[in-house]
Each structure stands twice: as C-alpha cells, then as structure tokens.
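In what follows, a single structure is set out as structure tokens and then discussed.
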2 protein chains.
Amino acid sequence: MLAYRAQPTPDAMLDRTFAGVIAKDAGSLADSQPRQVEFYSANSQIYAQGDRAAALYQVEFGVVRLFRLLTDGRRQICAFHVAGEVFGFEADGQHHLFAEAVCDAAVRIYRKPVREDTTLLMAAMKELVRAQEHLLVIGRQTASERIAAFMVDLYERLDHERHFELAMSRTDIADYLGLTIETVSRVFSKFRSKGYIKLHGTRDVEILQLDALRSICA
Amino acid sequence: MLAYRAQPTPDAMLDRTFAGVIAKDAGSLADSQPRQVEFYSANSQIYAQGDRAAALYQVEFGVVRLFRLLTDGRRQICAFHVAGEVFGFEADGQHHLFAEAVCDAAVRIYRKPVREDTTLLMAAMKELVRAQEHLLVIGRQTASERIAAFMVDLYERLDHERHFELAMSRTDIADYLGLTIETVSRVFSKFRSKGYIKLHGTRDVEILQLDALRSICA
DNA sequence: CGTTCCCTTGAGTCTCGTCAAGGACCGTGG
DNA sequence: CCACGGTCCTTGACGAGACTCAAGGGAACG
C-alpha cells in the first residue's frame with residue numbers, strides 16, 4: 001500500500017511532473033538560494049491568504065492543501081499537492097489562498113525566486129488566481145451568489161460602469177457559473193423584481209443597487 | 001452604456017492589468033515577432049482543445065470564452081476575456097481548452113513567445129491547467145462523477161498504485177469537490193457496495209474496478 | 001408577416017444538503 | 001486489559017434548491 005507520509009525515493013520524485021522539471025533545470029529554481037526545508041505537522045498552516053508572498057514551495061513529503069474561505073466559513077480547496085509539486089504562485093505580492101499541511105509534511109522553500117523575466121509569468125499567475133477564485137464561486141456558492149458575483153466582476157472589469165451590455169448569451173453565463181439557462185434567467189428576474197438591476201433589453205443591464213449585489217456575494 | 005464590442009481607447013487599455021504589464025514591458029512580449037492581429041466573428045473558434053500551442057493571445061476588442069467539454073456535451077466555461085487580457089497559456093505544447101469569440105472580436109497573436117526562463121512558468125501553467133480541469137469537475141459533474149474523478153486522479157498521481165492511503169479527511173475531500181461530507185461518505189459506500197473499491201479502513205482504499213471508475217468520470 | 005433564435009416562466013422531479021442519531025476508531029488513563 | 005471520551009465517519013429521514021421538461025413571449029431578420 002502506498003502512503004503519502006512516506007518520503008518518496010529520488011527516482012519516484014524524478015517521475016513527478018514538477019520535480020522533473022526542476023531537477024532537470026538546476027540552474028534556475030535551485031539558484032534561488034537560500035534553500036531551506038521546513039516541517040509542518042498535520043493541519044498546521046504554511047501561509048495564509050493575504051500574507052506577503054516572497055517564496056515558492058515544493059513538497060518534499062506529505063500532502064498540502066490550498067484553499068479559500070468565505071466569511072461564513074464555507075471552504076473551497078483548490079488543490080492538493082504531493083511530493084515534488086510546486087505551489088505558492090501569486091500575482092501581486094500576496095497569497096490569495098491558504099496553505100496547510102494535510103498530514104505531517106515537509107516543504108522546500110525557494111525564497112525570492114522571481115529573477116526571471118516576469119511578464120509572461122505575471123500574466124499566467126493572474127489567470128491562475130482568477131481560476132482559483134472562480135473555483136470558490138462554483139464550488140461553494142448558491143445560484144444567486146454566483147450571479148451576483150458575476151455581475152460585480154463584470155462591473156469591476158468594465159471600468160466601473162454600471163450600465164453595460166452583456167456580450168454573452170444566457171447559455172454562456174450558465175456554463176460559466178455551472179448552472180442552467182433557466183436558473184440564470186430566474187435569478188435575473190428575481191434581481192430585477194427586487195430592484196437590484198434593471199434590464200433595458202435581455203443583454204442590456206444596469207446595476208441599480210451595487211451594494212446589494214456585493215452583500216449577496218458573501 | 002459600455003459595450004464590449006467597442007474598441008477600447010489606448011488609455012483604457014493601459015488601465016487593464018495585462019495590457020499595462022505588456023505595454024510597460026515592450027522588451028519581452030513585444031519582441032516575440034511577428035505580431036499579428038486576427039479578427040474572429042461571433043462564435044468562431046480561435047483554437048481547439050488538443051491543438052498544438054505555439055502562441056499567446058491578447059484581446060484587442062470583443063470578448064473571448066475559454067471552455068472545456070465533456071463527451072456528452074456538458075460545457076464549462078473557465079473564463080471570459082475582455083480587451084487587454086492575455087490567454088492561451090499551456091503546459092505541454094497543446095491547448096487544454098477551447099477558445100472562441102463570444103461576439104465579434106480581434107486578437108493580437110504573439111507567436112513563439114516563450115524564450116524566457118521557463119521553469120517557473122511551466123510550473124505555474126501546470127497549476128493553471130489543473131485548476132481549469134477542476135473547474136469542469138465541480139461545475140458540471142455529479143457527486144458520483146466527482147468522487148470517481150478524484151479516485152482516478154489520485155491513482156494516476158500516486159504511481160498507478162491501486163492500493164493507497166487517503167491523507168485527507170472526508171471534510172477535505174468534500175471541500176475539494178464542492179460537496180458535503182455526508183454525500184462523500186454515501187458515494188464511497190455506493191462504490192464499495194458495487195464492488196468498484198474496497199475500504200480496508202476509512203482512509204485505506206483499494207481500487208478494484210478502475211475501468212468502472214473511469215467510465216463514471218464521463 | 002412568418003420564421004427562428006433566444007429568453008422567460010411554470011410545474012414537477014431529483015439530487016444533494018441539512019439535521020440527527022449512532023457506530024468505528026484511537027489515545028488516554030485507570 | 002478494559003473503560004472512557006473525543007473525533008471522525010456512516011446512515012437515515014426530510015427538505016430545499018436547482019434541474020428537466022414544456023409552453024409561450026419577444027426581438028431580429030428575411
């Protein structure tokens with residue numbers, strides 16, 4: 001039987017995706033000295049959401065979970081990581097996730113690793129953060145919460161304009177939020193009847209009560 | 001009213017996250033000549049899942065959707081992208097998502113952009129691909145499908161060992177898959193009673209019918 | 001003016017969540 | 001060795017939220 005707690009053999013580690021990449025390219029991550037291995041007992045915290053991010057982490061043994069929290073305690077784990085895998089990517093100097101040891105674990109820490117050309121990397125990490133935040137939305141939120149979050153996200157991405165056109169169909173919205181078009185339509189109607197939004201046309205939306213939508217997002 | 005279809009002003013573009021990064025750092029992405037802008041009419045495909053990936057894309061105007069498909073047609077949109085945003089990241093030379101224009105759109109294409117030190121970038125993209133695949137699981141799959149996918153994923157990450165220990169609690173699994181612990185427990189029991197798995201202890205799992213689990217994943 | 005596509009609304013169903021009770025496992029201490 | 005308490009897991013009954021199926025409305029287009 002294979003146990004996560006066991007330290008993997010060097011060979012096993014080389015088989016693993018990230019370990020392979022890193023081991024084969026000793027000139028980059030490995031250069032980010034000082035290297036350091038830290039041990040974490042089960043359920044102890046490695047870093048918290050909001051912490052300043054100044055390192056990358058590679059699992060030596062054990063298992064690590066990355067997760068986000070809603071204010072009411074609902075939790076969405078974005079990933080489990082086993083030996084060899086790298087985590088701790090961030091886009092703006094702070095962590096957007098919590099990291100904890102699932103069982104006793106050791107983590108190798110690469111401090112200040114970002115000496116590389118960061119343009120692409122930053123864009124990729126931005127994309128990653130977006131995906132992880134979206135995981136929380138579709139994993140742990142109700143239909144109303146998802147739609148409200150969607151509206152607020154659009155508002156913020158579109159120059160804080162309260163009145164905008166939806167480029168996408170109800171089907172697109174449903175597939176984005178993990179719902180059906182009927183549910184999307186019903187929630188739009190509910191928000192309209194409550195006065196949160198106004199629908200000038202099916203895709204022509206005006207936000208009337210932004211705070212109401214924000215508070216629904218939880 | 002703000003319409004996605006309108007071409008953004010240069011100033012507006014500079015405000016946007018990725019555009020800002022790229023415009024300010026003309027020495028990197030911009031060097032990846034030849035640069036090229038392509039137009040796509042509404043609902044036309046930009047690239048398909050499985051296509052060889054050899055470029056990055058930046059939205060000039062319009063909206064783009066990135067999505068994955070299940071064999072039965074269920075679809076999960078992972079992201080919408082508006083003017084200035086960059087997409088098309090991949091981890092192993094091929095696209096893991098479909099990209100389509102939501103409405104008429106233009107996309108600037110940066111071919112063969114990856115001259116940078118790729119170690120970190122590859123790790124970040126691997127993480128991104130994982131998050132996007134997980135989006136499909138929790139956005140569009142039933143409880144049984146999620147658990148089956150989870151078991152198969154563990155099997156494949158743990159050296160194809162059919163007998164392994166779960167490092168994580170039922171609560172962790174539930175939070176990872178967007179379910180409750182009761183539902184996780186019920187599905188485990190169902191799989192056990194159908195002979196797909198054997199539970200030597202609550203966290204000591206043996207896969208008996210791997211093909212059955214795979215076929216459940218859809 | 002008719003057709004088509006997209007969206008809305010309603011009725012019924014079902015999956016999954018909630019609440020509650022009980023069982024298994026484990027370390028501690030007698 | 002066994003009793004005890006705590007934690008984690010399982011199982012059942014019930015209910016709510018979202019899905020399915022179906023019908024109809026409305027805007028765009030020829």
Side-chain angles (χ1 to χ4, degrees), chain A residues 5 41-43 65 70 72-76 102-104 137-150 165-194 197-205 216 218, chain B residues 3 5 41-43 65 70 72-76 102-104 137-151 165-194 197-205 216 218:
Chain A
R5 288 174 176 77
S41 58
N43 299 309
R65 61 178 167 250
L70 292 175
D72 62 3
R74 281 177 287 178
R75 185 179 71 155
Q76 176 66 49
V102 172
C103 51
D104 290 351
V137 172
I138 68 176
R140 283 294 176 220
Q141 306 214 142
T142 65
S144 295
E145 288 168 342
R146 296 181 208 194
I147 302 279
F150 178 67
E165 181 197 359
L166 293 174
M168 62 291 287
S169 66
R170 296 291 186 271
T171 301
D172 278 345
I173 298 171
D175 284 350
Y176 181 58
L177 299 176
L179 300 168
T180 59
I181 58 171
E182 293 93 335
T183 300
V184 171
S185 186
R186 278 185 248 273
V187 175
F188 268 79
S189 297
K190 189 178 84 176
F191 285 177
R192 175 169 43 73
S193 73
K194 291 200 174 187
I197 62 173
K198 178 160 188 176
L199 293 168
H200 298 271
T202 53
R203 300 197 185 184
D204 183 350
V205 183
I216 290 172
Chain B
R5 289 175 177 77
S41 58
N43 299 308
R65 62 178 166 249
L70 293 174
D72 61 5
R74 279 177 290 179
R75 184 178 72 154
Q76 177 65 49
V102 171
C103 53
D104 291 350
V137 171
I138 69 177
R140 283 297 176 216
Q141 306 215 142
T142 65
S144 294
E145 289 168 343
R146 295 181 209 194
I147 302 280
F150 179 67
M151 302 295 291
E165 181 198 358
L166 293 173
M168 62 292 288
S169 66
R170 295 291 186 271
T171 301
D172 279 344
I173 297 171
D175 285 349
Y176 180 58
L177 298 175
L179 300 169
T180 60
I181 58 170
E182 294 92 336
T183 299
V184 171
S185 186
R186 278 184 249 273
V187 174
F188 269 78
S189 296
K190 190 177 84 175
F191 285 177
R192 176 169 44 74
S193 73
K194 290 199 175 188
I197 62 173
K198 178 160 189 176
L199 293 169
H200 298 272
T202 53
R203 299 196 185 184
D204 182 351
V205 182
I216 290 172

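These numbers come from a predicted model, not from an experiment. By convention in this document, chain letters (A, B, ...) are assigned in the order of the sequence lines, proteins followed by strands, and residues within each chain are numbered from 1. FYI, side chains are in, hydrogens and waters are out, and symmetry mates aren't considered; it's all heavy atoms of this structure.
Two residues, R140(B) and N43(A), neighbour DNA chain D, and the one matched to the more 5' nucleotide by heavy-atom proximity is N43(A). When each of I181(B) and T180(A) is assigned the nucleotide of DNA chain D bearing its nearest heavy atom, the one mapping closer to the 5' terminus is I181(B).
The nearest whole Å value for the distance from the CG atom in L199(A) to the C1' atom in dG26(D) is 14 Å. Distance, L177(A) CG to dG17(D) P: 18 Å, rounded to whole Å. Look at CZ on R146(A): it is 13 Å from P on dG17(D), rounded to the nearest Å. When rounded to the nearest whole Å, the span between CD of E145(B) and P of dT15(C) equals 12 Å. Across the protein-nucleic acid pair, D172(B) atom CG and dC9(D) atom C1' stand 14 Å apart, rounded to whole Å.
Side-chain proximity of S169(A) to dC7(C), dT11(D), dC16(C): nearest is dC7(C). Of the candidates dC16(C), dC7(C), dC19(D), dC16(C) carries the atom nearest the A143(B) side chain, counting heavy atoms from C-beta on.
We find that D172(B) and R75(A) are joined by a salt bridge, their nearest charged nitrogen and carboxylate oxygen being less than 4.0 Å apart. Electrostatic pairing of D175(B) and R74(A) does not count as a salt bridge here, judged by no charged N lying under 4.0 Å from a carboxylate O.
Proximity of T142(B) to the phosphate of dT15(C): no side-chain N or O atom is located under 4.0 Å from OP1 or OP2. Proximity of T202(A) to the phosphate of dA27(D): no side-chain N or O atom is located under 4.0 Å from OP1 or OP2.
Taking 3.5 Å as the limit, the base of dG17(D) and the side chain of R186(A) contain no donor-acceptor pair of atoms between them. Under 3.5 Å, the side chain of E182(B) and the base of dC19(C) form at least one donor-acceptor pair of N or O atoms.
Nucleic acid contact for S185(A): base, since at least one base atom lies under 4.0 Å from a heavy atom of the residue.
Put simply, the side chain of R170(A) gets close to the backbone of T202(A): a donor and an acceptor are under 3.5 Å apart.
When all heavy atoms are compared, the tightest approach of A167(B) to R203(B) is O-NH1, 3.3 Å.
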